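Notes to accompany the following structure.
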Amino acid sequence: MDLKFKVLKKSNKNMARLGEFTTKWGVSKTPMFMPVGTQATVKTLNPEELKSAHANVVLSNTYHLWLRPGEDIVKDSGGLHEFMNYKNGPILTDSGGFQVFSLAKKEDIKEEGVRFKSHIDGTELFLSPEKSIEIQNKLGADIIMSFDECPPYPATYEYMENSIERTLRWAIRGKKVHNNKEQALFGIVQGGEFEELRKRSAIETVKIGFDGYSIGGAAVGETKEVQYKEVEYATKYLPEDKVRYLMGVGDPIDIIEGVKRGVDIFDCVAPTRIARHGNAHTRHGKINLRNSKYKRDFTPLEDNCDCYACSNFTKAYIRHLLISEEVLGQRLLSIHNIRFLTKLVEDIRENIESDTLEEFGEEFKRKYYEEGKE
RNA sequence: GCGGUAUUGGUGAAGUGAUUAACACGCCAGAUUGUGGCUCUGGUAUGCGUGGGUUUGAUUCCCACAUACCGCC
């Protein structure tokens, strides 16, 4: 399915662009941030809470849903939107590549696919590009991903070269079996830290032809500088008229830097994971609500935040919930952190419109890093 | 009043005549980037009820005292 992506405005100073794409759920604005709902749920949150946090696209996961409850059950329920009753916007499913490669041994990655053991019960499993697309066709997300290899960092040039070539062959195989015309299929650019390989991977993936392009294998342990370079190496060779998605990146600063380099979509488990572990993003840096200094702090997580948590509760109360292991604490922080990032991309969109993204980025970074230090 | 047993950090506790007093919980911090895991990693008793004594050396042995519990008058 063509996403009918439109670039509405391009910066004169960098590669940032303001855009939108359309699905049956309506118009989605870019740059955007997608919260992650691995097992057909953004952990601790219901669809209404996601809506209140301004979430639009939600990401779910092929590997997990394949194992539990199984793609046929999701299909028979009416598809992923019906199954999880998510009607606020599109759903994207990851191919399972990332999970599989964290479970598989290097020697179990073969041309045909990957052999590995279930994290649930140790059952031996096999996932191939065809199988991944077949499962995703049944799950019924609006956007699905090619099955790629996400190599660890650091990897040698030779390993990475073989890996991107195999990922390209897998992309072709996946595209060939993709038969759900309601779904957009994205290709994935790999290549690690190597400019030549990122370039080749991008050009060749574009030749195959996809509805959008992802940059994978970033934020796997490399420095920020390397990560930003990797993004640049890829976006330079991606077509202007297709959506670009930087997989797994969700640090606020990294989002700003990614947008400046031409990225439209981001996803990350971080906002919800750090929330469950007691942390909140604020414009003045990340804070750990479990710290004793918040014991008697009767102010919201953040002034002028319109999220449900900040509108109704104090840091002292949220800290009490976390220390007492009450799940409401995790929910409130999850709502806040998602809203923090959806607000960040809203601000980014406004600043692309006025072509002031560089200034906005510097100011944001200064507050986030420096003021947070005290 | 007489006898017995016990006394180790915020808590529950292990332990030894002599390098850094185990472990758990709690507490205090940190991590977290296409989420198996409300997870992981650190820190947290300059002292073993108090006062004496024996000893090269005592939290560990002895004595007294204090406190607690259990018996008996």
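Below, chains carry the letters A, B, ... as their sequence lines are ordered, and counting in each starts from 1. If you're wondering where the values come from, they're calculated on a predicted model, not measured in any experiment.
Rounded to a whole Å, the CD1 atom of A:Ile143 is 14 Å from the C1' atom of B:G34.
With 3.5 Å as the limit, one finds no donor-acceptor pair spanning the side chains of A:Ser201 and A:Gln190. Checking A:Tyr63 against A:His119 by side-chain atom types alone, a donor-acceptor pair falls below 3.5 Å. Side-chain atoms of A:His281 and A:Tyr368 include a donor-acceptor pair closer than 3.5 Å. Looking only at atom types and distance, the side chain of A:Asp142 has a donor-acceptor partner in the side chain of A:Trp25 under 3.5 Å away.
For A:Asp148, counting side-chain heavy atoms from C-beta on, the closest listed nucleotide (B:U32, B:C27, B:G34) is B:G34. When distances are taken from the side chain of A:Ile274 to each of B:U32, B:A29, B:G34, the shortest belongs to B:U32.
Helical stems involving RNA chain B, defined as 3 or more consecutive Watson-Crick or G-U pairs under 3.5 Å, span B:1-7 with B:66-72, B:10-12 with B:23-25, B:26-31 with B:39-44, B:49-53 with B:61-65.
Counted within 6.0 Å of NZ on A:Lys106, heavy atoms from surrounding residues, nucleotides or ligands total 12 or fewer; the atom is thus considered open.
Taking 4.0 angstrom as the limit, A:Asn61 places a side-chain polar atom (N or O) nearer than this to OP1 or OP2 of B:U35. Here A:Asn291 reaches the OP1 or OP2 of B:G30: one of its side-chain N or O atoms lies under 4.0 Å away.
Applying side chain to side chain donor-acceptor pair (under 3.5 Å) to A:Asn14 and the options A:Lys260, A:Arg261, A:Glu358 leaves one that passes, A:Glu358.
A gap of 30 Å separates the C1' atoms of B:C27 and B:U33, to the nearest Å. Here, B:G10 and B:A45 have their P atoms 11 Å apart, quoted to the whole Å. A gap of 26 Å separates the C1' atoms of B:U46 and B:A6, to the nearest Å.
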Give each protein N/O atom lying under 3.5 Å from an N/O atom of nucleotides 36-38 of chain B, with the pair distance.
from: B:G36; atom 1: O4'; to: A:His119; atom 2: NE2; distance (Å): 2.9
from: B:G37; atom 1: OP1; to: A:Lys43; atom 2: NZ; distance (Å): 2.7

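At the heavy-atom level, A:Thr272 lies under 4.0 Å from base atoms of the strands shown. Contact annotation for A:Asp94: base contact, defined as any heavy-atom pair under 4.0 Å involving a base atom.
A salt bridge (Lys or Arg N to Asp or Glu O under 4.0 Å) check over residues 26-54 of chain A, counting only residues at least two apart or in different chains, returns the pairs A:Glu49-A:Arg331.
For the pair A:Lys343 and A:Phe33, the cation-pi test (distance below 6.0 Å, angle within 45°) is failed.
For A:Lys224 against B:U33, a side-chain N or O and a base N or O form a donor-acceptor pair under 3.5 Å. Contact of A:Asp254 with B:U33 (side chain to base): a donor-acceptor pair of N or O atoms is detected under 3.5 Å.
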